[in-house]
Amino acid sequence: MLKKKVAFYTMGCKLNYAETSTIARKFSDLNYEHVSFNSFADIYVINSCSVTKNAETEFKCIVRSAMRKNEKAFIIAIGCYAQLYPKEISYIIGVDLVLGSEEKFHIIDSLEKVNLSKKNYPAKVLLSKKTCSYFSSYSSPSSTTTIGFGYNRTRSFLKIQDGCDYKCSYCVIPMARGPSRSEHIENILKNIKCLLKKGVKEIVLTGVNIGDYGKKIFHKNERLTYTFFDLIQEIDQIKEIEMGRIRLSSIEPNLLKNEYIEFFSKSKHFVPHFHLPLQSGSNDILGKMQRRYRRELYQEKVKTIRNLIPDAYIGSDIIVGFPGETHRHFLETYHFLKQLDISSLHIFTYSRRPNTKSYTIQQDNNVSNRIQKKRNKTLRILSKKKYRSFCEKQIHTKKTVLFENNSSTTTNNEYLYGYTENYIRTKISFIPTFRNTLQDVILKKIDEKDGIMIADASTTKSKSMG
């Protein structure tokens, strides 16, 4: 009997990648063969995003792409878009099944309720209104065809928390993922040890709001009480991490306590990498966004990191074009960021999302598309300058790079690529044994063609696990 072929596509955040990989593993013991999303498949599973309107438009393009591979394929929609707008998705031509945030983790059971050989229009919808369960998730060492992500046996995204209790006026995530809830420490530690034994060299702790870790932890019908500080201290004691490292994903600036920063400055296993979303450098706009801090607190956090961990990478998120953002507000943001000692920026253009508070702001307060694009471009230029400056300060220093288990060819040379502990994209002349290993290197110079740091491997020492 021929195996059915299944393919996965992941949109959006690291948390989605962790969950896609977990869902994909549910097919492993069944009569399914994992294939690339660019190949012919009997079933295509798309893990969607709904942070912006563009993400929803992209989803429709991905569906059409799957149909071009196999017009008779059974297409399943999961993820935030599916949870928020199931009826809308059910009428997208090609989609056969829509699963909510709870149901996606029971995907095998859901498939038994439908006829896979028959196209459905509108699609069948299986969705619970409440999203309050917790499902452990992590991306594991596997073929890149499983989730369409190019890190094979290199790094893993480990979910430690889900949902959010914040009410930022522009954000739909609390509606899509429900209230904040957390994984219990015992299971997190077990998963980390398991991943390290499988050969993973870097584990990224991820969630919707990881600094809020500790809320609603249940284990064996018992309510547990932990804090984020409890968690990172326990992780740092794992002996197996000696051959790997731990990285944080995004953490809210008001939840990054100074004692955490001091702890990270002394840790041998947590890398010096912080991603602190700012969203705006104007206190007026931060208030309208219903963020839980002012820019002065953000500035204080950056200074604390720089004082304790001078070479740390500090990234940030910025939203431009929020309703009511005047030229003065934007200049406040620009000049605040210009003097701030951070490493780079992720720039997002504001996108009106239904059922959010900012959606109801009067139309005459909206910023035109032309101005939004101009502000976005201005900050992207600033971000490139900051990243370049950050990298230049690291030249001639010794760093540890995790080289990815793949290679890319330029015009004249073949390289291996990876990231330093402080998140500098680095390349080295191709050495097969360096794939999926941690290597000590000397950063030599920035390649002017692609902006990637070139490293010298002449004095490296492998830290691979074999």
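The structure displayed is predicted, hence computed values, not measured ones.
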Do we see a donor-acceptor contact under 3.5 Å between the side chains of Ser180 and Gln161?
yes
Among residues at least two apart in sequence or on other chains, which ones pass side chain to side chain donor-acceptor pair (under 3.5 Å) with Arg245?
Glu202
Find out whether Lys215 and Asp165 are in side-chain contact, i.e. whether some heavy atom of one side chain is under 4.5 Å from a heavy atom of the other.
yes
Would you say Thr10 and Asn47 are linked by a side-chain donor-acceptor pair, where the criterion is simply a distance under 3.5 Å?
no
For Thr57 and Asn54, which I'm curious about, is there any donor-acceptor pair between the side chains at under 3.5 Å?
no
Can you list everything that forms a side chain to side chain contact (heavy atoms under 4.5 Å, CB included) with Cys49? Sequence neighbours excluded, please.
Met11, Val51, Ala55
Going by the angle between their ring planes, with limits at 30° and 60°, are Tyr17 and Phe157 parallel, tilted or perpendicular?
tilted
Kindly determine whether Asp230 and Thr227 satisfy side-chain hydrogen bond (donor to acceptor under 3.5 Å, both in side chains), including the steps that lead there.
CA-CA 5 Å; Asp230 293 331; Thr227 66; 3.1 Å; yes
Measure the OG1-CG distance between Thr349 and Asn376 for me, rounded to the nearest 0.5 Å.
4.0 Å
Taking the side chain as everything from C-beta on, heavy atoms only, tell me whether Ile235 gets closer than 4.5 Å to Ile241.
yes
Decide yes or no on side-chain hydrogen bond (donor to acceptor under 3.5 Å, both in side chains) for Glu56 and Ser50, but give the supporting numbers first.
CA-CA 6 Å; Glu56 295 175 1; Ser50 193; 2.7 Å; yes
Between Tyr417 and Tyr415, how do the two ring planes meet: parallel, tilted or perpendicular, split at 30° and 60°?
perpendicular
Is the closest side-chain heavy-atom distance between Lys159 and Leu15 below 4.5 Å?
yes
Taking Lys201 for its side chain and Gly199 for its backbone only, find out whether a donor-acceptor pair lies under 3.5 Å.
yes
Between Phe135 and Phe105, how do the two ring planes meet: parallel, tilted or perpendicular, split at 30° and 60°?
parallel
Check salt bridge (Lys or Arg N to Asp or Glu O under 4.0 Å) between Arg177 and all other residues, then give those that pass, not counting sequence neighbours.
Glu19, Asp162
Kindly say whether Gln394 contributes a backbone atom to a donor-acceptor pair with the side chain of Thr397 at under 3.5 angstrom?
yes
Under 3.5 Å, is there a donor-acceptor pair linking the side chains of Thr420 and Asn422?
yes
Quick check for you: to the nearest 0.5 Å, what is the distance between Leu345 atom CG and Leu278 atom CG?
8.5 Å
Taking only residues two or more places apart in sequence or in another chain, which ones pass salt bridge (Lys or Arg N to Asp or Glu O under 4.0 Å) with Lys374?
none
With rounding to the nearest 0.5 Å, note down the distance linking OG1 in Thr206 to CG in Asn16.
9.0 Å
Does the ring center of Phe37 lie less than 6.0 Å from the ring center of Tyr44?
yes
Would you say Ser389's side chain and Lys386's backbone share a donor-acceptor pair under 3.5 angstrom?
no
Would you indicate whether the side-chain heavy atoms of His184 and Ile188 approach each other to under 4.5 Å?
no
Do any pairs count as a ring-ring contact (aromatic ring centres under 6.0 Å, His included) and have a residue in residues 275-297, sequence neighbours left out, and if so which ones?
His275-His346
Applying side chain to side chain contact (heavy atoms under 4.5 Å, CB included), name anything that partners Lys373, two or more places apart in sequence or on another chain.
none
Within this structure, what is the CZ-CG distance for the pair Arg328 and Asp284, rounded to the nearest 0.5 Å?
5.5 Å
Could you walk me through whether Arg425 and Glu404 pass the salt bridge (charged side-chain N to carboxylate O under 4.0 Å, His left out) test, one step at a time?
CA-CA 11 Å; Arg425 184 71 166 160; Glu404 297 155 8; 2.6 Å; yes
In Å, rounded to the nearest 0.5 Å, how long is the span from CD of Glu183 to CG of Leu231?
10.0 Å
Less than 4.5 Å apart, side chain to side chain, heavy atoms only: is that true for Arg291 and Cys168?
yes
Which residues pass the salt bridge (Lys or Arg N to Asp or Glu O under 4.0 Å) test with Lys14, sequence neighbours left out?
none
Decide yes or no on side-chain hydrogen bond (donor to acceptor under 3.5 Å, both in side chains) for Ser140 and Arg25, but give the supporting numbers first.
CA-CA 9 Å; Ser140 58; Arg25 289 194 296 273; 3.0 Å; yes
Heavy-atom distance under 4.5 Å between the side chains of Glu240 and Ile192, does that happen here?
no
Sequence neighbours excluded, which residues qualify as salt bridge (Lys or Arg N to Asp or Glu O under 4.0 Å) partners of Arg294?
Glu296
Pairing donors with acceptors under 3.5 angstrom, does anything connect the side chains of Tyr226 and Glu234?
no
What pairs meet the ring-ring contact (aromatic ring centres under 6.0 Å, His included) rule with one or both residues in residues 321-341, with sequence neighbours excluded?
Phe322-Tyr350
Ring-face cation of Arg181 near Tyr134 (centre distance under 6.0 Å, axis angle within 45°):
no
Between Asp440 and Thr400, is a side-chain hydrogen bond (donor to acceptor under 3.5 Å, both in side chains) present by the stated rule, with each step listed?
CA-CA 4 Å; Asp440 290 334; Thr400 302; 2.7 Å; yes
Quick one: does Tyr298's side chain have a donor or acceptor within less than 3.5 Å of a partner on Leu276's backbone?
yes
Identify all side-chain donor-acceptor contacts of residues 254-261 below 3.5 Å with residues at least two apart in sequence or on another chain.
{"unit_1": "Asn254", "atom_1": "ND2", "unit_2": "Tyr166", "atom_2": "OH", "d": "3.0"}
{"unit_1": "Asn258", "atom_1": "OD1", "unit_2": "Lys301", "atom_2": "NZ", "d": "3.2"}
{"unit_1": "Asn258", "atom_1": "ND2", "unit_2": "Glu300", "atom_2": "OE2", "d": "3.3"}

Ring centroids only, cut at 6.0 angstrom: are Tyr213 and Phe228 within range, meaning strictly under it?
no
Which of parallel (below 30°), tilted (30 to 60°) and perpendicular (above 60°) describes Phe229 and Phe263?
perpendicular
Looking at residues at least two apart in the chain, or sitting in another chain, which of them share a side chain to side chain contact (heavy atoms under 4.5 Å, CB included) with Pro310?
none
Which distance, rounded to the nearest 0.5 Å, do you find between the CD of Glu332 and the OG of Ser280?
7.5 Å
How would you list, by chain and number, every residue that makes a side chain to side chain contact (heavy atoms under 4.5 Å, CB included) with Lys444, sequence neighbours excluded?
Ile442, Asp456
Do the non-hydrogen side-chain atoms of Glu325 and Lys288 ever get within less than 4.5 Å of each other?
no
Does Thr360 use its side chain to pair, donor to acceptor, with the backbone of Thr356 at less than 3.5 Å?
no
